[in-house]
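Just below is one structure, and these are the notes that go with it.
Side-chain atoms are counted along with the backbone in the values below, which use heavy atoms only and exclude waters and symmetry mates. If you're wondering where the values come from, they're calculated on a predicted model, not measured in any experiment.
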Amino acid sequence: MDQELVFKASTNIKNLIGRDLVTDQFTAIFELVKNSYDADAKEVRLEFAYSDNGDMSLIIEDNGIGMSLEDIKDKWMVIGTDSKKHVLYSEKLGRPLNGDKGIGRFSVDRLGDYLKLESVKEEAPQKVEMEFNWRDFEDEFGNLDDIKIPYFISLHPNKPSGVRLEISKLRDSWDRKSIEKLISNLQQFKSPFSINDNFKIILHAPEFQIYSYEITPFNLEEISSLWVDVEIPIENTSIIKANVVRDGIRYTEDFTNPFNFGAVKSRVYFFNSSEKVRFKHKMHTTVKDFGNVRLYRDDFRIYPYGESFNDWLDLDIRKAQGYARFFGSRDLVGYVQIYKEHNKEINAPTNRQGLIENSYSRELRKFILDYPIKILEKYFFKKPKNETFLKAKEEVRDAVDELKKVTKEINKSSPETAKVLRKITGVVEKSQKEQSTYVKNQEELLEVYKRVASKEVLLHQIIHQALIKIEKVITVTYIGVNKINKHSSDEENLNDNLLTSFNNINKLTLNAKDYLKKARDHLIRKRRAEPTNLYNLTQSIIQTFLTTLDEERIELNIQIPAQLKFKIDKNDYETIIDNFFSNAIKSLKKSQGVKKEISIKIVESSSFITIVFKDNGIGIPLNLRDRIFDPFFSTTSSSGMGLSIVDEIVKENKGELNLAINDNVGAEFQIKFRK
């Protein structure tokens with residue numbers, strides 16, 4: 001006769017899947033908050049409070065659907081239950097479910113020795129209470145089912161549904177710093193792409209002067225001026241859609257999807273040096289310490305991806321290769337979201353740390369590098385001229401940081417060697433500082449020379465243009481004298497010729513006078529910046545071009561907020577728009593067989609006003625793009641001073657003028673003014 005054996009669970013299994021598995025207290029809290037989310041709670045409240053005996057406890061209370069005695073018995077008390085395994089969405093609000101391994105409840109063991117559980121099931125008149133002493137499971141390795149957990153039932157017909165967990169004898173020391181870290185982590189708890197499901201997380205820690213603080217996500221768009229959204233849409237996984245936002249202007253690209261996994265969304269922000277300063281001021285931490293590219297599954301984070309110590313995409317190794325410009329982990333903050341329903345091959349292990357390594361998870365890494373990050377690295381504008389120095393400066397700074405870490409370690413065993421290393425580090429830092437000061441001084445001096453030279457060149461051109469206009473007056477006068485001599489016997493013709501000639505001379509003289517007056521005002525006038533409605537002023541400037549636009553059949557597209565105001569000198573703004581329109585019209589006159597278009601758009605972000613002027617004319621050849629702001633250089637047979645003047649005006653207003661690099665016909669200029 002065949003004999004049979006069955007598995008039994010030792011009490012030690014509680015540690016194996018509880019305290020020993022969930023090694024991080026923040027991950028443990030996340031698991032419990034996720035349980036509240038899965039239970040369709042509208043709010044979960046975390047409260048740190050001292051009990052009468054002086055010990056701190058943690059209370060996690062939600063207003064979800066709650067658990068009945070049967071739920072607790074058949075689901076909550078069953079280790080590894082698959083009650084959620086084949087259910088994708090919550091029963092009430094249709095949220096994507098996160099807990100499917102049946103072990104999240106043991107996070108309470110990771111957090112503290114004791115648990116008091118209270119639960120009221122929705123539409124049920126009774127409350128279930130249970131108390132757990134996790135030490136009962138540790139006294140000896142008995143059978144799990146030998147440990148009896150008493151429960152109490154009381155009638156509460158009007159009590160709202162939900163679960164309350166009171167965890168006491170906490171295993172970790174919670175101070176102000178760790179509470180703030182918990183808040184920071186909870187702010188990144190949910191994906192930025194998640195639905196608006198009215199799920200609130202409230203933290204209350206009166207001992208640390210934190211009172212019913214609602215956890216809200218970060219808004220990095222207020223800091224970064226360059227980011228990219230890339231997704232493989234759920235509705236069409238054969239394509240990859242990319243949207244790059246730079247200074248409020250959006251660029252779109254579509255690609256064929258070469259990957260085998262399902263739908264995914266991503267957003268990656270880049271921070272330049274000045275934005276890193278603003279980031280630290282606003283976020284009270286650096287971009288480097290904040291972390292890099294985080295991974296989410298159905299709205300919730302997968303740890304430790306994206307933590308400051310976890311460069312899971314090897315961005316810094318890639319950047320160190322040096323054969324091209326790459327972003328490192330300290331330059332980026334990003335979010336990538338996958339879906340359990342659409343990415344069944346990409347899964348997290350039991351301990352909720354990282355992903356199970358397979359071909360699909362490796363493809364996901366390749367997708368993030370090849371699309372969000374590489375697209376972000378594309379240059380839309382000209383590179384800064386001091387880029388090489390800045391890169392070298394950053395590399396030296398990184399080397400110094402590493403040297404300091406090594407010195408700190410060596411100091412434990414060899415203080416004298418550490419002393420020498422500190423001296424070397426000081427010399428390197430001092431040398432770097434002196435180099436930076438020298439380069440900065442040289443750049444400032446060069447800028448002064450450039451401005452002086454620019455004004456001198458501009459003055460010479462003004463004189464040249466004035467002489468041309470005066471020559472026209474002389475020419476018209478000469479022609480008039482000849483006509484008078486020729487028709488001196490004919491009194492009627494003589495009068496007509498005199499009148500015509502004098503009228504022409506008068507017009508040319510007034511034109512020359514007006515030109516010289518404007519030139520004088522441009523060179524010596526004092527700018528008067530004042531709040532200006534850019535929509536109204538632009539419309540006024542455009543009126544002078546309407547006849548030409550109509551004759552040349554040029555379609556005009558204006559996208560400027562009607563109430564947009566910006567502090568700028570009106571004459572400066574008029575000169576900028578005048579030059580752009582004049583150049584665009586000249587370029588479009590040479591275009592054949594196209595629907596001629598000019599567009600002007602102004603985008604306002606939290607930090608900038610960006611003016612985008614675009615036409616579909618003959619454009620600017622790639623090999624000439626670096627010269628278009630030089631005085632006298634022109635692609636339209638003009639004087640070649642227009643863009644040089646615009647560039648100078650923009651700099652006077654502490655702005656930035658760039659020619660956008662695109663594959664489309666025509667030219668696109670962008671001016672960025674800081675608000």
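- In this model, a donor atom of one side chain and an acceptor atom of the other lie less than 3.5 Å apart for E656 and N658.
- Within a 6.0 Å radius of NZ in K127, more than 12 heavy atoms belonging to other residues, nucleotides or ligands are found.
- Closest non-hydrogen pair, S329 versus N292, comes out as O-CB, 3.7 Å.
- N133 places no side-chain N or O within 3.5 Å of a backbone atom of Y114 that could act as its donor or acceptor partner.
- Atom CD1 of I202 sits about 7.0 Å away from atom OG of S212, to the nearest 0.5 Å.
- Remark: Y535 OH is loosely packed, at most 12 non-hydrogen atoms of other residues, nucleotides or ligands lying under 6.0 Å away.
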Give the C-alpha distance, both sets of side-chain angles, the deciding distance and a yes or no for side-chain contact (heavy atoms from CB on, under 4.5 Å) between Q25 and L111.
CA-CA 6 Å; Q25 69 266 37; L111 292 168; 4.0 Å; yes

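- In this structure, F132 and W134 have parallel ring planes: the angle between them is below the 30° cut-off, well short of the 60° mark.
- When every heavy atom of S266 is checked against every heavy atom of V336, the shortest pair comes out as CB-CG2, 4.0 Å.
- Heavy-atom minimum distance, D254 versus A242: OD1-N, 4.5 Å.
- Side-chain atoms of Y335 and Y296, non-hydrogen and from C-beta on, do get closer than 4.5 Å to each other.
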Working for side-chain hydrogen bond (donor to acceptor under 3.5 Å, both in side chains), residues N358 and E345:
CA-CA 8 Å; N358 57 30; E345 300 84 0; over 6 Å; no

Checking ring-ring contact (aromatic ring centres under 6.0 Å, His included) for the pair W174/Y50: CA distance, chi angles, key distance, verdict?
CA-CA 11 Å; W174 291 90; Y50 281 104; over 10 Å; no

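- Side chain of W312 to backbone of E307: no donor-acceptor contact under 3.5 angstrom is found.
- Relative to the six-membered ring of Y305, R294 misses at least one condition, a distance below 6.0 Å or an angle of at most 45° to the axis.
- Between E231 and R267, no side-chain nitrogen of the basic residue sits less than 4.0 Å from a carboxylate oxygen of the acidic one, so the salt-bridge criterion is not met.
- A salt bridge is absent between E530 and K565; no separation between the charged side-chain nitrogens and carboxylate oxygens falls under 4.0 Å.
- Between the D289 side chain and the T285 main chain, no donor and acceptor come within less than 3.5 Å of each other.
- Residues that satisfy the side-chain hydrogen bond (donor to acceptor under 3.5 Å, both in side chains) test with E180, not counting sequence neighbours, are R176.
- Note that R297 lies outside the cation-pi zone of Y339, set by a 6.0 Å cut-off to the ring centre and a 45° limit from the axis.
- Side-chain contact, E275 with S225: a donor N or O sits under 3.5 Å from an acceptor N or O.
- Between F261 and Y360, the ring centre distance reaches or exceeds 6.0 Å.
- When atom types are taken as modelled, the side chain of S224 and the backbone of L226 share a donor-acceptor pair closer than 3.5 angstrom.
- Using a 4.5 Å cut-off on side-chain heavy atoms (C-beta onward), L46 and I59 make no contact.
- Between the side chain of S161 and the backbone N or O of K121 there is no donor-acceptor pair closer than 3.5 Å.
- Between R45 and E43 no salt bridge is recorded (no basic side-chain N to carboxylate O distance below 4.0 Å).
- Remark: K675 NZ is packed, more than 12 non-hydrogen atoms of other residues, nucleotides or ligands lying under 6.0 Å away.
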Test side-chain contact (heavy atoms from CB on, under 4.5 Å) on N243 and V228 and set out the steps.
CA-CA 6 Å; N243 288 275; V228 61; over 6 Å; no

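- Counting heavy atoms from C-beta on, the side chains of I602 and V612 never come closer than 4.5 Å.
- A side-chain donor-acceptor contact under 3.5 Å links N260 and E363.
- The backbone N or O of M67 sits less than 3.5 Å from a side-chain atom of S119, completing a donor-acceptor pair.
- Between F327 and F270, the ring planes lie parallel to each other; the angle is under 30°, not in the 30° to 60° tilted range.
- Between atom CG of residue L170 and atom CZ of residue R110 there is a gap of 10.0 Å, rounded to the nearest 0.5 Å.
- With rounding to the nearest 0.5 angstrom, the CG atom of D229 is 12.0 Å from the NZ atom of K241.
- Contact check on K92 versus E122 returns a salt bridge, with a Lys/Arg side-chain nitrogen under 4.0 Å from an Asp/Glu carboxylate oxygen.
- Under the 4.5 Å side-chain criterion, counting only non-hydrogen atoms from C-beta, L115 is not in contact with K169.
- Checking side-chain atoms of N63 against main-chain N and O of A41 turns up no donor-acceptor pair under 3.5 Å.
- Closest heavy-atom contact between V128 and S68: CG2-C, 4.5 Å.
- For S90 (side chain) and G94 (main-chain N/O), a donor-acceptor pair under 3.5 Å exists by modelled atom type.
- In terms of heavy atoms, R330 sits closest to V287 at O-CG1, 3.3 Å.
- Using a 4.0 Å cut-off between charged side-chain N and carboxylate O, D314 and R318 make no salt bridge.
- N343 contributes atom CG, which lies 11.5 Å from atom OG of S361 (distance to the nearest 0.5 angstrom).
- Annotation: side chain of E604 is not in contact with side chain of F566 (no heavy-atom distance under 4.5 Å).
- Inter-residue side-chain proximity for I600 and Q559 is flagged as unmet; no heavy-atom pair is nearer than 4.5 Å.
- Side chain of N653 to main chain of I568: no donor-acceptor pair is present (N/O by atom type, distance under 3.5 Å, no hydrogens or angles).
- Using a cut-off of 4.0 Å between Lys/Arg side-chain N and Asp/Glu carboxylate O, R164 and D62 are scored as not salt-bridged.
- Ring geometry for Y371 versus F255: interplanar angle over 60°, hence perpendicular rather than tilted (30 to 60°).
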Could you give me the CA-CA distance, side-chain angles and deciding distance for L93 and F199, then say whether side-chain contact (heavy atoms from CB on, under 4.5 Å) is met?
CA-CA 11 Å; L93 299 178; F199 182 66; over 6 Å; no

How far apart are the C-alpha atoms of F271 and I223, what are their side-chain angles, what is the distance that settles it, and do they pass the side-chain contact (heavy atoms from CB on, under 4.5 Å) test?
CA-CA 8 Å; F271 299 91; I223 305 173; 3.9 Å; yes

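- Taking OG of S36 as the reference point, atom CD1 of I201 lies at 9.0 Å (rounded to 0.5 Å).
- Annotation: E357, atom CD; neighbour count of heavy atoms from other residues, nucleotides and ligands within 6.0 Å is above 12.
- Taken from CD in E61 to NE2 in H204, the straight-line distance is 12.0 Å, to the nearest 0.5 Å.
- Closest approach of V108 and L165 over heavy atoms only: CG1-CD1, 4.1 Å.
- Remark: the backbone N or O of D109 is paired with a side-chain donor or acceptor of R171 at under 3.5 angstrom.
- Under the 4.5 Å side-chain criterion, counting only non-hydrogen atoms from C-beta, K42 is not in contact with K200.
- Using bins of under 30°, 30° to 60° and over 60° for the plane-to-plane angle, the ring pair Y269/W227 lands in the tilted bin.
- Atom CD of E123 is surrounded by 12 or fewer heavy atoms from other residues, nucleotides or ligands within 6.0 Å.
- With salt bridges taken as basic N to acidic carboxylate O contacts below 4.0 Å, one links K276 and D331.
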